[in-house]
Protein chains: 2
Amino acid sequence: MKRHVYLEDIPLDEAQAAFRAALQATGWWQPLAAEEVPVAQAHGRITATAVWAKLSSPHYHASAMDGYALRAQDSEGATETQPLQFTLVENWETPPTEPRPIRPVNTGQPLPPWANAVVMIEHTQPVELANGRSGIEIRASLPPWQHVRPMGEDMVATELVLPANHKLRPVDLGALAGSGHATVSVYRQPRVAIIPTGSELVSAEVVAESGIQPGQIIEYNSMVLAAQVAEWGGLPTRWPIVPDEFNAIQTAVRQAAQNHDLILLNAGSSAGSEDYTAHVVQSLGQLLVHGVAVRPGHPVILGLLEIRDRKLGSENQSPISNLQSHIPIVGVPGYPVSAALTGEIFVEPLLARWQGQRPFQPQTITATLTRKLNSHTGDDDFVRVAVGEVNGRFVTTPISRGAGVITSLVRADGIVRIPRFSEGAEAGSDVTVHLYRDARELAQTILAIGSHDLTLDLIAQFLAERGGVRLASANVGSLGGLVALRRGECHLAGSHLLDPETGIYNQNYVRRYLPDEDVVALTLVGREQGWLVPPGNPNEIQGWAAAARDDVQFVNRQRGAGTRVLLDYELGKLGIQPEQVQGYGREEYTHLAVAAAVASGTADFGLGIQAAARALQLDFVPLAHEQYDLVMTRQTYESDRIWPLLDLLHDDDFKTAVAALPGYDVSVMGKTTEI
Amino acid sequence: MKRHVYLEDIPLDEAQAAFRAALQATGWWQPLAAEEVPVAQAHGRITATAVWAKLSSPHYHASAMDGYALRAQDSEGATETQPLQFTLVENWETPPTEPRPIRPVNTGQPLPPWANAVVMIEHTQPVELANGRSGIEIRASLPPWQHVRPMGEDMVATELVLPANHKLRPVDLGALAGSGHATVSVYRQPRVAIIPTGSELVSAEVVAESGIQPGQIIEYNSMVLAAQVAEWGGLPTRWPIVPDEFNAIQTAVRQAAQNHDLILLNAGSSAGSEDYTAHVVQSLGQLLVHGVAVRPGHPVILGLLEIRDRKLGSENQSPISNLQSHIPIVGVPGYPVSAALTGEIFVEPLLARWQGQRPFQPQTITATLTRKLNSHTGDDDFVRVAVGEVNGRFVTTPISRGAGVITSLVRADGIVRIPRFSEGAEAGSDVTVHLYRDARELAQTILAIGSHDLTLDLIAQFLAERGGVRLASANVGSLGGLVALRRGECHLAGSHLLDPETGIYNQNYVRRYLPDEDVVALTLVGREQGWLVPPGNPNEIQGWAAAARDDVQFVNRQRGAGTRVLLDYELGKLGIQPEQVQGYGREEYTHLAVAAAVASGTADFGLGIQAAARALQLDFVPLAHEQYDLVMTRQTYESDRIWPLLDLLHDDDFKTAVAALPGYDVSVMGKTTEI
């Protein structure tokens with residue numbers, strides 16, 4: 001088994017510079033060739049040249065109103081009390097011989113050459129003239145060119161209509177067509193081949209039909225990359241999955257290079273025994289970079305293929321003026337977060353350049369970091385973060401940093417970039433966030449930090465369906481939530497902390513953690529806690545005492561979780577020490593994660609809610625009934641932002657949806673306690 | 001000739017409420033039905049329901065690294081000085097019998113069920129064991145689950161992946177496919193028919209082939225509306241042009257109603273003799289609103305058609321759950337600005353609603369109004385404005401308010417909405433601008449207000465091609481430009497003001513208008529002024545004295561224009577009074593507008609630059625050589641924003657392009673005068 005263990009890992013800016021230099025040397029660091037497309041099909045395309053008006057608009061003197069054309073000088077002296085009478089004529093080119101001629105015109109129609117003003121129909125009165133002919137009476141004099149759109153009012157022929165490198169909006173199409181253009185010269189769209197490789201990959205369609213085996217991975221990076229390419233103006237082609245075989249990959253790359261401008265080869269870009277990307281690039285051209293010091297991302301490959309039988313270049317639509325046969329290729333890492341960020345960092349700037357645009361610059365805000373952010377010196381670190389606007393300032397919290405966690409990008413509100421010379425940033429310091437969402441959307445987001453409950457997902461779903469505000473939540477356990485609330489890092493904290501002495505939930509903890517705040521606790525649900533065990537409860541786990549059994553493996557929740565507080569309280573009552581519980585040290589952050597540990601067989605039981613057991617087809621051994629509150633400051637409670645959520649707690653549809661989850665009691669929902 | 005003169009003109013909010021009530025009553029004020037589409041094709045579509053994970057991701061415990069799987073407890077005690085040796089095994093399901101088994105795994109591969117940790121290949125050393133078998137040496141102990149992606153790390157089955165009403169971004173496709181979905185339920189896209197009507201209309205294609213006659217109008221509203229519909233998530237169908245005939249229009253509407261959800265009928269919505277829209281709506285259903293008090297826009301029609309033979313409803317993809325045969329129709333005014341704004345005001349909110357979205361909310365800024373804004377009480381006024389960021393504050397200037405001027409929308413940076421109870425806003429007051437451009441783009445815009453010169457178009461074109469900054473310009477004449485500069489309403493003023501006493505351009509005027517400022521004048525070009533006359537100069541207009549001839553009609557420039565200053569100076573020298581000049585009172589705002597007046601025969605001559613004559617194939621009678629400067633404060637001159645423009649004045653390509661315009665002298669370009 002051949003195994004490579006070497007990756008260079010050069011700094012990001014050096015990698016970008018090397019790629020750019022190679023593209024420049026081969027004529028690829030410039031816009032693609034132009035093509036003429038019908039104006040009606042040009043929406044969203046980018047002008048390759050400046051566009052000058054071919055025709056004036058209007059191209060004749062046009063009536064601006066429905067009314068009558070006349071000579072302004074004929075109207076001199078007309079007043080309310082002394083109206084003037086005009087004779088209706090049909091004359092067009094020939095000047096009428098009647099003393100005060102007038103001719104009907106509709107909006108947009110040309111003025112007869114003898115006329116120079118239009119009177120609105122509303123300001124006229126039909127009359128029969130003394131000579132028996134039909135006439136029109138007007139009661140005010142008109143200045144010349146009244147209600148006339150003179151030729152060229154909008155555009156004069158030869159004027160600049162649109163500059164080059166302009167992305168065409170709907171109104172631009174009007175200006176182009178109106179100035180006499182049936183077609184417009186725009187940059188050819190970059191054609192990008194996306195080739196997924198990996199013998200372990202299966203398509204989503206196959207999985208939906210035939211299920212999936214351990215070791216198989218659903219191939220979706222090509223969907224993400226293709227959608228990115230389309231969003232950035234390119235034309236993506238998704239290749240079928242190619243197995244991890246050098247020849248198969250080389251054949252696919254060679255084939256794609258014939259009629260594409262860029263190849264994204266995913267993955268095999270690392271240094272494992274089946275990573276062929278670097279070899280394929282070397283066999284077909286030049287390996288410029290293998291390994292970039294970015295996190296996530298590391299095993300990025302940048303290269304240039306030399307392709308002889310390229311078809312695109314020999315068409316009349318040559319990709320660039322300087323015809324040549326090099327094709328850039330990017331080896332995209334396999335981890336989904338790395339793949340998507342490689343798109344943003346390396347592919348987007350290239351597609352922008354090819355279309356005469358500057359790289360996309362996301363909106364940025366300054367936000368206060370809620371947690372210390374450690375970063376590996378030497379790497380440019382792209383940290384996904386959640387952002388909330390609480391009490392008028394932005395706060396930001398890093399989301400899980402695993403490169404395999406695509407939901408970290410789905411849930412991210414933005415990215416904090418930690419440069420490679422930095423070791424990170426302290427909690428409480430200000431950082432720049434490059435936003436994925438409009439900052440205004442963040443101002444309409446309720447940020448919940450604290451204990452995890454499945455009904456939070458339901459709240460998020462109901463709020464999304466109703467529009468208006470959005471719920472974003474982070475799971476740090478009940479105590480963590482109260483700490484975040486104290487620090488002004490969230491709007492509300494989900495909490496289910498039992499006070500052993502009083503048997504009352506949350507109140508004592510709130511008094512201890514937020515002694516100076518005016519706080520409101522809204523009860524969301526009552527719910528049951530119990531053992532989550534495999535179907536049929538094969539180990540016959542019953543009662544709190546089972547925690548101390550030495551023949552079964554437990555999985556715990558993290559410190560500060562309400563569930564953990566409950567466990568410790570009950571163990572204490574029975575005099576069981578943590579050391580007596582096998583697996584007490586293994587911590588998971590959510591009920592579902594505990595259920596997943598039991599379902600996958602890595603633990604025999606855990607403490608959690610019934611809905612989590614049901615979700616993963618586990619059995620549930622009830623142990624206790626508890627109360628789950630949403631804790632917030634009075635200021636938040638009385639704010640506009642929170643109202644849609646308060647409404648929801650009195651909404652029958654919502655209650656019905658929650659009651660359908662097993663082990664939930666909605667009779668207490670909406671109860672308010674001032675603390 | 002039947003002529004209707006009555007339009008109701010009800011207030012905008014009442015019109016919207018009436019439309020909404022009628023849509024609600026017929027079941028149209030709700031999202032359209034859902035359809036399942038493959039995830040790979042769902043980019044940009046909107047989820048119709050919440051999506052819950054079908055599979056966990058990963059769906060097994062996966063190695064997070066290329067390395068070796070082992071039991072963490074076997075590694076206890078391994079150190080740099082006391083490495084531990086493991087035996088390479090092939091075991092999968094069956095637990096190995098060897099004392100310290102280890103098995104190679106690549107990233108993403110499942111862990112053998114007997115293993116619970118992975119050591120990175122970089123931290124191992126192949127060895128030959130004492131018993132002759134192949135082995136691996138490790139030099140540090142591992143905690144359990146090291147370098148393992150536990151099942152469900154990304155998503156746990158049953159977890160919420162995405163809420164309803166969510167617009168799918170590239171990474172969302174990954175989360176959907178990764179959680180076991182091959183398809184996703186999204187709202188059906190609204191199908192919108194756009195029917196252009198008007199016997200005067202011709203298509204851009206026909207015009208490009210056969211030219212255009214007076215009275216003919218290039219049909220482009222349907223392109224603008226179709227692009228708007230596509231931008232807002234709909235599927236537009238552009239109908240061929242329908243002549244102004246009641247039966248033809250009725251037939252087209254009835255046909256379109258069979259398989260569309262909305263009809264945009266353009267135009268014929270006014271009250272002219274050929275305006276059939278209201279009649280057609282009445283004949284096929286219910287006319288809800290005819291005339292809305294908005295400017296521009298007035299003759300908007302809102303209606304509901306009752307269609308029996310509707311095909312869309314009888315398919316399995318019924319448009320909405322509550323099957324019925326009403327179809328909304330909007331009569332869109334014919335003026336292009338009115339048409340585009342009708343799209344934004346009436347169509348966008350409906351398409352948003354049909355796709356579970358809230359109406360689009362543009363970014364807003366507060367800006368200082370540079371000119372008084374008069375508004376007609378009773379109308380909601382949508383004023384197109386230019387916006388600039390000068391000396392750290394936003395300033396805004398209304399653009400031409402003609403509803404026929406599509407370039408007013410093309411050039412607009414945003415809209416100021418004047419409510420119907422207001423008479424407008426004073427110069428210097430703060431107004432809210434709804435932006436068409438990103439506010440950041442405005443910070444990279446050079447705002448030029450002052451005299452018009454064709455080279456400004458060339459500057460705009462060159463800057464656009466090079467990227468970085470953008471030039472926006474407004475034409476108010478030289479004096480107007482200096483006034484704007486004094487008020488801090490622009491970055492630079494184009495000026496060619498001759499001081500009759502010294503023969504020097506601009507300096508005296510700058511001292512008079514900006515006495516307290518440190519000003520820099522950059523010479524852009526020298527250029528020739530002269531008479532613009534029809535080809536062959538049929539009236540034999542020669543010399544300044546020709547201005548006083550009573551047999552020819554003059555067209556003037558507006559007060560404050562450098563060209564007008566020049567004219568007045570020369571007339572003064574000859575003792576000619578303005579009253580002696582036929583047409584002295586007719587004012588145009590640009591050289592090209594003067595040329596257009598001469599070209600169209602409404603004037604016999606005007607004063608302007610040679611390039612304007614050439615542009616419209618006029619003859620040119622040279623009279624004077626003048627200097628055209630770009631005047632700016634020293635602060636602007638030294639700012640980063642202006643540098644790309646300064647570079648341009650020393651750029652050979654740019655000089656060549658300017659020199660190619662007739663009558664321009666580039667030898668003086670870039671000369672700097674401190675005033």
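As the structure is a prediction and not an experimental result, all values here were calculated from the model. The sequence lines fix the lettering, A, B, ..., with proteins before strands; numbering per chain opens at 1.
- Here the CG atom belonging to A:D438 is positioned 5.0 Å from the CD atom belonging to A:Q363, to the nearest 0.5 angstrom.
- Contacts between B:R238 and chain A at a heavy-atom distance below 4.5 Å involve the side chain alone, from C-beta outward.
- Looking at A:Q228, both its backbone and its side chain come within 4.5 Å of chain B, counting heavy atoms on both sides.
- No other option in B:A157, B:G152, B:G174 has as many heavy-atom pairs under 4.5 Å with chain A as B:G174.
- Only the backbone of A:Q213 comes within less than 4.5 Å of a heavy atom in chain B; its side chain stays farther off.
- Contact tally against chain B (heavy-atom pairs below 4.5 Å) for A:A595, A:A208, A:A164: the top residue is A:A164.
- Inter-residue side-chain proximity for B:E344 and B:W232 is flagged as met; some heavy-atom pair is nearer than 4.5 Å.
- In terms of heavy-atom pairs under 4.5 Å with chain B, the best-connected choice from A:A227, A:S203, A:A204, A:A599 is A:A227.
- Between chain B and the residues A:R440, A:M155, A:M151, the most heavy-atom pairs under 4.5 angstrom are made by A:R440.
- Annotation for B:E159 and A:L592: closest pair CG-CD1, 3.7 Å, computed over non-hydrogen atoms.
- In terms of non-hydrogen atom pairs under 4.5 Å with chain B, the most contact-rich of A:V224, A:N116, A:L458 is A:V224.
- In this structure, the side chain of B:R586 does not engage the main chain of A:W145 through any donor-acceptor pair within 3.5 Å.
- For B:R169, the part lying under 4.5 angstrom from a heavy atom of chain A is the side chain only.
- Listed options B:L111, B:V207, B:T183, B:I406 were ranked by heavy-atom pairs under 4.5 angstrom with chain A; first place goes to B:I406.
- Shown here is A:R614, whose CZ atom has no more than 12 heavy atoms of other residues, nucleotides or ligands within 6.0 Å.
- Here the closest non-hydrogen pair linking A:K54 and A:G180 is CD-O, 3.5 Å.
- By number of non-hydrogen pairs under 4.5 angstrom with chain A, the leading residue of B:L409, B:T602, B:L173, B:L454 is B:T602.
- Using a distance-only test at 3.5 Å, with no hydrogens or angles considered, no donor-acceptor pair links the side chain of A:Q41 to the main chain of A:P38.
- Remark: B:M65 CE to B:T107 OG1 distance equals 7.0 Å, nearest 0.5 Å.
- Contact count against chain B (heavy-atom pairs under 4.5 Å) is highest for A:Q361 among A:Q361, A:M120, A:E205.
- Heavy atoms closer than 4.5 Å to chain B are found nowhere in A:L225, neither backbone nor side chain.
- The CD atom of B:Q109 lies 8.5 Å from the CD1 atom of A:I217; values are rounded to the nearest 0.5 Å.
- Residue B:V337: no heavy atom, backbone or side chain, is found under 4.5 Å from chain A.
- Summarising the geometry, atom CD belonging to B:E153 is positioned 8.5 Å from atom OG1 belonging to A:T407; distances are rounded to the nearest 0.5 Å.
- Contact count versus chain A (heavy atoms, under 4.5 Å) is highest, among B:V171, B:V39, B:N221, for B:V171.
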Exercise. Do A:V156 and B:T590 pass the side chain to side chain contact (heavy atoms under 4.5 Å, CB included) test, and can you show the C-alpha distance, the side-chain angles, and the key distance before you say yes or no?
Worked result: CA-CA 10 Å; A:V156 177; B:T590 66; 5.6 Å; no
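- Interface remark: B:Y335 contributes side-chain atoms only to the contact with chain A (heavy atom separation under 4.5 Å).
- With rounding to the nearest 0.5 Å, the separation of NE2 in B:H181 from CG in B:L55 is 8.0 Å.
- With hydrogens and angles disregarded, no donor-acceptor distance shorter than 3.5 Å links the side chain of A:T158 to the backbone of B:L616.
- Heavy-atom distances place no part of B:Q357 under 4.5 Å from chain A, backbone and side chain included.
- For B:P336, no part lies near chain A; criterion is any non-hydrogen pair under 4.5 Å.
- Residues A:T47 and A:L168 form a side-chain contact, since some pair of their non-hydrogen atoms from C-beta on lies under 4.5 Å apart.
- Among the candidates B:G44, B:A464, B:A50, B:G215, the residue making the largest number of heavy-atom pairs closer than 4.5 Å to chain A is B:G215.
- With a threshold of 4.5 angstrom between heavy atoms, B:L463 does not approach chain A through any atom at all.
- Residue B:A42: no heavy atom, backbone or side chain, is found under 4.5 Å from chain A.
- Atom OH of B:Y220 and atom CG of A:L176 lie 10.5 Å apart (nearest 0.5 Å).
- Top candidate by heavy-atom pairs under 4.5 Å with chain A, chosen from B:A48, B:S56, B:A64, B:S57, is B:A64.
- In this structure, chain A has no heavy atom under 4.5 Å from any part of B:A226.
- Heavy atoms closer than 4.5 Å to chain B are found nowhere in A:H166, neither backbone nor side chain.
- Looking at A:I218, the atoms closer than 4.5 Å to chain B (heavy atoms on both sides) all sit in the side chain, from C-beta outward.
- With a threshold of 4.5 angstrom between heavy atoms, A:A62 does not approach chain B through any atom at all.
- Side chain of A:H61 to backbone of A:P150: no donor-acceptor contact under 3.5 angstrom is found.
- Residue B:A340 touches chain A through its side chain alone, counting heavy-atom pairs closer than 4.5 Å.
- Here the side chains of A:Q216 and A:E200 are not in contact, with every heavy-atom distance at 4.5 Å or above.
- Of the atoms belonging to B:E465, heavy atoms from both backbone and side chain fall under 4.5 Å from chain A.
- Among A:P163, A:P143, A:P110, the residue making the largest number of heavy-atom pairs under 4.5 Å with chain B is A:P110.
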